[in-house]
**Q** 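First the structure, then my questions, so here it is.
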Amino acid sequence: MDYLPIFTKLSDKHCLVVGGGNVAERKLSLLVEAGAEVTLVAPSINEPIQELIKNDSQISLNLIEDGYHSSLMDGMDLVIAATDDQALNEAVSRDAAERHIFVNVVDNPSLCTFIMPAMIDRSPVTIAIGTGGTSPVLARLLRGKIEALIPHRFGALAGLAAKYRERVKAALPKGPTRKAFWEEIFEGEVAEQVFSGNQAEAEQQLEARIDQGSSAQQGEVYLVGAGPGDPDLLSFRALRLMQKADIVIYDRLVSKEILNLVRRDADRLYVGKEASNHCVPQSQINEMLYKLAKEGKRVLRLKGGDPFIFGRGGEEAEELFAEGVPFQVVPGITAASGASTYCGIPLTHRDYAQSVTFATGHLKNDAVDLDWPSLARENQTLVIYMGLGGLKVISRELIAHGLPADTPVAVIHKATQAEQRVLISDLTHVVQKVQDEDMRPPSLLIIGRVVALHDQLKAKAI
Ligand SMILES: C[S@@+](CC[C@H](N)C(=O)[O-])C[C@H]1O[C@@H](n2cnc3c(N)ncnc32)[C@H](O)[C@@H]1O
């Protein structure tokens, strides 16, 4: 190890920054954020630095425009040189080293006695990434990956732990019991409440857990939208909960690639659904969810698209609420959004459609029972989920209620996935064409003049 990562306390320390451009500004901002008293040496300073000085009365900044002199090192604890002048950078490095002051010369590791890491700031939690000065780009790439894994409000969780530390100490014996308690808090519902911004609820639950002492953990349910199939469309929160679950209950619309991202050792339960061929009845799924949670499990209910759009997530949430089981719902990209963007059909457009309606074409007793007059309006886009079975009725009724027979229709199969297929037709011919081309579920119908844009925009889609 060439460099030892340490975290230094800079409040009330004296730091010297040489330079007045963009790079100097970034270093200055970090030092100021850490509470340092900064002397800045530069013949001129850029606008952001001027703004920083003007807008932040907390900044303790001594601006020297006469140029650098080694006497400026007196009393300094840390020095950063960020100039384009190599001779000046070398002089600053040498002067600091002679006085045993830690010095960093930006982008010049050989002149540094310390280097700045790439940082992830979830204060009070901070993560520093270093590559020993070999590749700042690599450090930044790694930072991007870690950023995605750490919830935005992670720092608030550390704050909560600090607030309750003494109470937990008093309530639970030192050793494995206390350790298990904190693990449960950091991985369980309390942490989820913090990450969702429900601080008061999190504190209430934490207090209840402290009162319970070392008894068993409570389970919870995550109703997670997995999106239309492309794993890149998962949200950070969805991915995090997928990695945490003890058991996953999923249906037919969840793609294999997405399922592969669920924690490896989580149990898997398929409750697949196809129109008119429900594998496990909804009431049984509801029961399964709360029963497993009551056994103390973290249950992931993974659903295609968005749980609250034709996904029966509402019914599941109602049942969990009635049973007093903690749960959270994570939105997913619904099939309409995924299909629209991946095949270049905007759902609204100033020239063609001022509104968009999502409807289900699911047959009830062999009939599609929809509000046809409101659906058969021009200047709107109609998106029909589960519409293949009732396509004949849908196209006939839309024409009968006034939509022109040549209104364009797109049928999109397995949108956003490698097997995506798009069929373009119109209300008159779509039934035949769907038959000819053997389009199968899951497929989505987009009906309206925006469909005509597909030809032009398809190449740019994705
Ligand atoms: C029970 S609904 C679930 C909708 C889901 N909750 C959502 O927000 O996308 C199932 C229907 O959604 C549509 N669908 C879902 N994923 C799709 C995809 N990747 N491509 C095309 N249609 C899809 C199909 O119409 C399918 O029959």
Side-chain angles (χ1 to χ4, degrees), residues 151 157 160 168 171-173 175-196 198 201-226 237-254 258-273 278-304 307-308 311-330 332:
L157 188 60
L160 189 73
V168 173
L172 296 172
T177 312
R178 205 187 290 160
K179 187 168 161 270
F181 173 87
W182 279 122
E183 277 173 3
E184 180 205 320
I185 295 302
F186 292 149
E187 297 226 300
E189 177 62 8
V190 171
E192 287 309 323
Q193 293 292 352
V194 172
F195 299 155
S196 308
N198 304 326
E201 178 64 32
E203 293 200 11
Q204 239 176 45
Q205 289 189 14
L206 178 53
E207 285 177 17
R209 273 299 286 118
I210 295 171
D211 293 343
Q212 274 171 22
S214 44
S215 59
Q217 77 165 46
Q218 193 187 13
E220 57 199 316
V221 176
Y222 316 131
L223 300 178
V224 173
R237 187 182 294 184
L239 192 59
R240 184 162 48 74
L241 296 177
M242 286 161 68
Q243 296 285 323
K244 244 171 93 162
D246 300 311
I247 179 161
V248 52
I249 298 179
Y250 65 101
D251 51 46
R252 194 179 55 93
L253 284 175
V254 176
I258 286 182
L259 214 53
N260 282 341
L261 297 172
V262 174
R263 210 179 90 192
R264 286 229 165 269
D265 51 350
D267 292 330
R268 278 140 218 260
L269 211 60
Y270 177 66
V271 290
K273 275 188 193 168
H278 288 209
C279 222
V280 179
Q282 186 64 45
S283 57
Q284 220 169 303
I285 297 176
N286 296 352
E287 197 179 315
M288 228 180 254
L289 294 178
Y290 68 73
K291 281 197 169 156
L292 286 164
K294 284 183 178 179
E295 286 169 18
K297 296 208 164 69
R298 288 175 291 216
V299 185
L300 171 70
R301 173 68 174 118
L302 198 55
K303 300 166 96 63
F308 279 3
R312 306 191 73 169
E315 292 158 54
E316 291 170 4
E318 275 180 318
E319 188 91 14
L320 292 168
F321 180 77
E323 290 291 330
V325 169
F327 67 94
Q328 60 172 301
V329 187
V330 181

**Q** Out of the candidates Arg298, Arg268, Lys297, only one should pair with Asp246 under the salt bridge (charged side-chain N to carboxylate O under 4.0 Å, His left out) rule; please name it.
**A** Arg298

**Q** Does the side chain of Ile185 reach to within under 4.5 Å of the side chain of Arg209, using non-hydrogen atoms?
**A** yes

**Q** Minimum heavy-atom separation for Arg263 and Gln243, please, with both atom names.
**A** CD-O, 2.9 Å

**Q** Counting C-beta onward and ignoring hydrogens, is there a side-chain heavy-atom pair between Glu192 and Arg240 closer than 4.5 Å?
**A** yes

**Q** Whether Arg312 and Glu319 form a salt bridge (side-chain N of Lys/Arg under 4.0 Å from carboxylate O of Asp/Glu) is what I want to check.
**A** no

**Q** Once you round to the nearest 0.5 Å, how far does CD of Glu220 lie from CG of Leu320?
**A** 11.5 Å

**Q** Looking at Val224 and Pro307, what are the two nearest heavy atoms and their distance?
**A** C-CG, 4.0 Å

**Q** Tell me the closest heavy-atom pair linking Ala238 and Gly225, and the distance in Å.
**A** CB-O, 4.3 Å

**Q** With a 3.5 Å distance limit and no angle check, can you tell me whether Asp251 reaches the backbone of Val271 through a side-chain donor-acceptor pair?
**A** no

**Q** Do you know which two heavy atoms are closest between Val194 and Leu157, and how far apart they sit?
**A** CG1-N, 3.7 Å

**Q** Considering residues at least two apart in sequence or located in another chain, which fulfil the side-chain contact (heavy atoms from CB on, under 4.5 Å) criterion with Glu201?
**A** Gln193, Asn198, Gln204, Gln205

**Q** To the nearest 0.5 Å, how far apart are CG in Leu269 and CG in Leu300?
**A** 11.5 Å

**Q** Side chains of Val280 and Ile249, heavy atoms from C-beta outward: is any pair under 4.5 Å?
**A** no

**Q** Please report the interatomic distance CD(Glu287) to CG(Leu292), rounded to the nearest 0.5 Å.
**A** 10.5 Å

**Q** Do Gln328 and Leu241 have side-chain heavy atoms sitting under 4.5 Å apart?
**A** yes

**Q** Please give me the minimum heavy-atom distance between Ile210 and Ala171, naming the atom from each residue.
**A** CG2-CB, 3.7 Å

**Q** Quick one: closest heavy-atom pair of Ala266 and Ala245, and the distance?
**A** CB-O, 3.5 Å

**Q** Less than 6.0 Å separating the ring centroids of Tyr222 and Phe327?
**A** no

**Q** Once you round to the nearest 0.5 Å, how far does CZ of Arg178 lie from CG of Leu172?
**A** 7.0 Å

**Q** Any chance you could measure Asp211, atom CG, to Glu207, atom CD, to the nearest 0.5 Å?
**A** 7.5 Å

**Q** For Glu323, enumerate each residue passing the side-chain hydrogen bond (donor to acceptor under 3.5 Å, both in side chains) test, keeping only those at least two apart in sequence or located in another chain.
**A** Lys294

**Q** What is the distance from atom CZ of Phe308 to atom CD of Glu315, rounded to the nearest 0.5 Å?
**A** 10.5 Å

**Q** Might you work through the side-chain contact (heavy atoms from CB on, under 4.5 Å) test for Val248 and Met242, ending with a clear yes or no?
**A** CA-CA 8 Å; Val248 52; Met242 286 161 68; over 6 Å; no

